[in-house]
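Read through the structure below, which is laid out as C-alpha cells, and then see the notes.
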Number of protein chains: 2
Amino acid sequence: MALSGLPGTAFIDPFGNNRSEIESLVQQVTLHILDYLTQAAGHQPLPEVKQGVSARIPDQPTEMAALLEQLWQLMAQAMNPAHPGYLGHMDPLPTTASVLADWVAAALNNNMLSVEMSPVFSQLEPQVLQELAREFGLPESAGGSLVSGGSLANLQALAVARNAKLGSLRRGIVGLEKAPVILASAVAHTSIHKAAMMLGLGTEAVVPISVNQNSQLQPQQLCDRIQQSRALGQHPFAIVATAGTTVTGNIDPLLEIAAIAREQGLWFHVDAAYGGALIFSQRQRWRLAGIEQADSITVNPQKWLYVTKTCASVLFRDMAQLHHHFRVAAPYMNSDADWTNLGEIAVQGTRHVDVLKLWLSLQHLGRQGYDRLIEASYRLTEQVLQEIHRRPFLELASHPEMNIVCFRGCPSTLPSAQWDTWNANLQTYLQKRSWFLSLPAYRGQRWLKLVLLNPYTDTCHISQLFQVIDEFAGLA
Amino acid sequence: MALSGLPGTAFIDPFGNNRSEIESLVQQVTLHILDYLTQAAGHQPLPEVKQGVSARIPDQPTEMAALLEQLWQLMAQAMNPAHPGYLGHMDPLPTTASVLADWVAAALNNNMLSVEMSPVFSQLEPQVLQELAREFGLPESAGGSLVSGGSLANLQALAVARNAKLGSLRRGIVGLEKAPVILASAVAHTSIHKAAMMLGLGTEAVVPISVNQNSQLQPQQLCDRIQQSRALGQHPFAIVATAGTTVTGNIDPLLEIAAIAREQGLWFHVDAAYGGALIFSQRQRWRLAGIEQADSITVNPQKWLYVTKTCASVLFRDMAQLHHHFRVAAPYMNSDADWTNLGEIAVQGTRHVDVLKLWLSLQHLGRQGYDRLIEASYRLTEQVLQEIHRRPFLELASHPEMNIVCFRGCPSTLPSAQWDTWNANLQTYLQKRSWFLSLPAYRGQRWLKLVLLNPYTDTCHISQLFQVIDEFAGLA
C-alpha cells in the first residue's frame, strides 16, 4: 500500500525500512521520560496549567520534532505522583514493572476482546485473576475480570447481582412489582450511585446506611433499613460494603455485614478498590476478615498495588454466575474450546492488555514486596497521627485504618465559620511549597486529605510538612 | 520510607538514585520492542500459544532478568497486527505517535477522573473531542468523552438516551408503564444488546430490523416495527444505525433513518465505531451523510484511525444533555470553575490518558495522512474484489462499502453442506502460510473476513494471497 503523503515515521515499518528514524524518535522520547521520572522530585507535585496545546486537527501532517516540543510541555504540566510531596489522592507512583509492561502492551496493541486478538493474554488474564481471587480466600469456583477502572468493576458486580437476583438478563427490570434497591453506607463511593443509575434502578435506589464516627457502616442500621425497605414494598437485593472509604480510608465491619447478607439472602459485594491491597500484608490482612464470604469484590491494583492506570478488577465467588447471568455472546465470533472470549463476559468488549502489567508487578515485587510497602506506609501514617495529636489546632475526620489521614485545622482564634477558608488557604500555602494535599468536602466541611502511598516520602518529609503547617498556623 | 525487601528497581527513584539500573532496564525493553516491531513481518501474524508463563504469585521478589525472558516469550505469542498478512480483524498496526504517547502516558500515570489528577489532560480531552464532533458536522453545542472501548461508548450513549427520553437518572425504569425498546438492525453489534442488558432493559429490548442483501437496515421495516412495537404497548425511544457492520462493513441508510427518528421523536444514535474514520476521507465521507443529524455517535480511533487500544469515543450533539441527564456528581471532589471533572460525566471514573495518543496521531498525520490511508485501503479493496470476481468458486457476503471484504468458497465439486468445513480448512491452510483471515459465522454460514487496514499490505501481497487460495482450491 502506498504511503505517499504520510510522514515517514507515521508507522513502524514491519520490514525495518524506517528503523533508524523510528529508533531515533523512540530514544528521544525514552530519554525524556527517563529524565522526567528520575528527576520527578524536582518538579511540582501538581503543576498549574499555564499553556495548553492546540487541539485543532491540521490539514497537513505536522513535523514530529515540533510535536515533541509540545509533548514535553504537556508532560511538564501533568500530575506528578512520583514527587514525595504528592499526597493528595490514591494515585500512586507506579511500579517500574507496570510502566515497562504498559510500554510493551502499547507496542503489541493486542485486544482482550477475544482469544484471536490476544492469544496469550486471553489465557494469562483468567489465570492471574484466579490467583488473585485465591488470595482473598475465595473458593476454587472463583475468578474475575480486569476492567478499565473501579467504576466499571462496581458496575459489573452489581449488574451480575441484579441479573442473578432478579433474572433481568433478557427481560430487564421494567414491570417488576417491587423496586429493587441496593444498601450501602452513606459514604460509599459515588460509583455505586452511578452503577444504580446505569442499571436502570436510578441513583435513589441506593439506600444510605448511616455510619459511625469512623465512617463505618452500622450493622444494626443496616438490618433496620432492610426491614424498612421491605415494609415500603421495595426489594433489597444487594449490600455493598466498603473496604477503604474514599475520604477517610475506613473499613465497614465485613464479618457482620456478611452474616446479615447471608441471613437476608442478599448479594454481598465488597468495594475493596483501595483496601483490597491489604490482603498482601501479613500484619494487616485481618482487617479484611469477612471478605472471603463476598459474592463479588472490587479490587484495584491501580491504587495500593502501584500498577499504572488503568488496572481494576472485579472478582466473583462463582464464575458460573458470570457465565449464566451476564454473558452476552457475540454470534459471529469464533469460540475456543478451552478459553473464553473475554469480551463476552465483561462490561467492555475491546480492552487494553492490563494483565501484563499486573502480572509483571506481582512477579517482580512478590508478596513480600507488597507486604513491606504496606508496612512502611502504616509506619508513616503513625508518624502523621503523632504530629496531628501534638497539635491541638488540628482534628481528625476519623481514626485511620489504612494509610489515609483526613484532618483539618480548627484554630481556636477563629470562629468555626471561617475554618473552611482557613483550611483552603492552608492547602494553597502548602501547594506553593510543593506539598499537594487534597481538600475534600466531608460532613459539610473542608478537610485536608493525605494518602501515604509514595515509598520515597520519608519521616523527614513528614516532619517538614508539619513544620510548614505550623508556619502557616503562626502566620494566619 | 524504607524500601528494604524490595527489588532495587521496584520503582523509579524520583531523586535519581537508581537511574543507571532503570536506564539499563528501559533500554533492554525498548530495544526488544524495536527489534520486534521492525521485524514484525518475519513473525507469524497470529502465533499459536505454545508456552504460557506461571500466574502464581511468588512470596519473594523475582529477578527482573528472569522476568524479561518470560516477557519476550509472551511477546512472541501475541497477536501481530503489524504483519502484512494479518487481515482478520479491525485491529490495526498502530501509529508511531500513538505507541509513543502511550509510553508517555504510562510513565506519567495521570488519571482522567478529575482535573486535579490530570490537570493538562482534563483540559485537552474536551477540546480534542469538540474538534472531532465538528468534523462530523455536529453543532457548537457538541462534544464528547473518550471511553475505554466501543462497548462503553454505545453503553454511555444509550444511557443518556434512556435518561433523556424516560427521565430515569434518579428514579430508574422499574415503574414505567411501557417497556422501553431500542430499534437496531438485525446485524447491529452485540454491544447494543449488552448495553440493553446493562441498562435494565434486557437483551430482548433490542428490536431487530431486517436488513437487505448488503446488510443494511431497511427503512420501511424500521417504520413498520416502530408502529408494531407501539401497538404492542412498548415504548420505542432510540434508533441505532450502524456505519460499518461488524462482519461486512456496511452502512445503514443514515439520511432516511435520521428522518424517521426525527419524525417519530426517537433518539438517533450512530454506531460508527469502525466507519467513523471515513469523515477524514475527502472522497468517501459522502457515505456518512446523515450522521450530522445524530444525537450521539460512537467513533473509535482505535480502529481505522490506527490509534493504540483503547481509544474509543462517544460524541453528543448537545453536551448539556450529558450534564443534565447523566451526571452523577462526586460530593467530595473539588470542582474547577472552568473545567469539568470528567469522571462525573462518563461511565468510567478513573481512566487512562487516552487523549494524548489521539491528539498526537491527529497532529502527526493530519487530515491528509488519514485521507491517504483510507484511499489506499479502498484501492486494495478494489483489487481484492477483482480477484474474487475472477474466481467462480468464491462468493461475496455483501457488496463492500469500506475496506472489509467477506467472502467464502462454494466449490461446485462439493455439496453445499460441506462448504463450511472447506472454508474452515482454507483458513487453517492460509494461517500455516502466514495469512490470518478470520472465520465469522454469518447468515448461518462460515465466511472468510479480510480487513485491509495495514498500510504495508500491498498489491503483491494480495496477488500472493489469492494464489495460495487457488493452490488450496486445486488441492482440495
Side-chain angles (χ1 to χ4, degrees), chain A residues 1 5-6 12 14-16 19 29 33 37-38 40-41 49 55 57-62 77-79 82 94 100 102-103 106-110 119-120 127-128 148-149 151 170-174 179 190 194 200-202 308 310 328 330 332 348-350 362-363 366-367 369 372 376 440 455, chain B residues 1 5-6 12 14-16 19 29 33 37-38 40-41 49 55 57-62 77-79 82 94 100 102-103 106-110 119-120 127-128 148-149 151 171-174 179 190 194 200-202 204 308 328 330 332 348-350 352 362-363 366-367 369 372 376 440 455:
Chain A
M1 194 185 279
L6 282 158
I12 301 172
F15 297 96
R19 170 152 184 157
V29 171
I33 288 175
L37 293 179
T38 59
V49 178
I57 304 169
D59 281 329
Q60 301 294 317
T62 313
Q77 299 174 92
M79 169 184 80
L100 292 176
D102 248 357
W103 172 206
L108 295 177
N109 202 27
N110 276 223
V120 77
Q127 293 174 348
V128 171
S148 303
S151 295
R170 271 174 289 276
R171 295 303 193 81
I173 55 172
V174 176
T190 184
K194 199 193 275 182
L201 310 169
T308 48
T310 57
V328 178
Y332 43 82
Q348 295 174 266
T350 287
L362 290 171
Q363 298 296 315
R367 284 191 191 87
R372 300 293 166 86
Chain B
M1 193 186 281
L6 283 158
I12 302 172
F15 297 97
R19 171 151 184 157
V29 172
I33 288 174
L37 293 180
T38 59
V49 178
I57 304 168
D59 280 331
Q60 301 295 317
T62 313
Q77 299 174 93
M79 169 184 81
L100 292 176
D102 248 357
W103 172 207
L108 295 177
N109 201 28
N110 276 222
V120 76
Q127 292 173 348
V128 171
S148 302
S151 294
R171 294 301 194 83
I173 57 172
V174 174
T190 185
K194 198 193 277 180
L201 310 169
E204 291 174 5
T308 48
V328 178
Y332 42 83
Q348 296 173 267
T350 286
H352 183 260
L362 289 171
Q363 298 294 317
R367 284 191 191 87
R372 299 292 164 85

_To check you understand the geometry: which heavy-atom pair defines the closest contact between A:Ala78 and B:Leu108, and what is its length?_
CB-CD1, 4.0 Å
*Provide the closest heavy-atom pair for A:Pro61 versus A:Gly5 in the form atom of the first, atom of the second, distance.*
CG-O, 3.8 Å
*Between A:Asn109, A:Leu100, A:Val29, A:Thr308, which residue shows the highest count of heavy-atom pairs closer than 4.5 Å to chain B?*
A:Asn109
_Between OG1 on residue B:Thr62 and CG on residue A:Leu362, distance to nearest 0.5 Å_ = 10.0 Å
*asked:* Quick check on B:Ile33 against chain A: is it the side chain, the backbone, both or neither that has a heavy atom closer than 4.5 Å?
replied: side chain
*Is any side-chain heavy atom of B:His352 closer than 4.5 Å to a side-chain heavy atom of A:Ser148?*
no
*Which one of B:Asp59, B:Val49, B:Thr190 has the most heavy-atom pairs closer than 4.5 Å to chain A?*
B:Asp59
*Between A:Asp102 and B:Asp102, is any pair of side-chain heavy atoms under 4.5 Å apart?*
no
*Output the option from A:Pro94, A:Gly16, A:Ala179, A:Ser151 having the highest count of non-hydrogen pairs under 4.5 Å with chain B.*
A:Pro94
*Which one of B:Pro58, B:Gly366, B:Gly349 has the most heavy-atom pairs closer than 4.5 Å to chain A?*
B:Pro58
*Roughly how far apart are A:Ile173 CD1 and B:Leu201 CG, rounded to 0.5 Å?*
8.0 Å
*Which atoms form the tightest heavy-atom contact between A:Arg367 and B:Ile57, and what is the distance?*
NH1-O, 3.0 Å
_I need the residue from A:Gly200, A:Pro14, A:Gly172 with the largest number of non-hydrogen atom pairs under 4.5 Å to chain B._
A:Pro14
_Only pairs of heavy atoms separated by less than 4.5 Å count here; which of B:Val328, B:Val174, B:Ile12 has the most with chain A?_
B:Val174
*Taking every heavy-atom pair that is under 4.5 Å apart, which of A:Ala106, A:Pro440, A:Gly149 has the most such pairs with chain B?*
A:Ala106
*Under a 4.5 Å heavy-atom cutoff, which of B:Gln60, B:Lys194, B:Gln77, B:Arg171 has the most pairs with chain A?*
B:Lys194
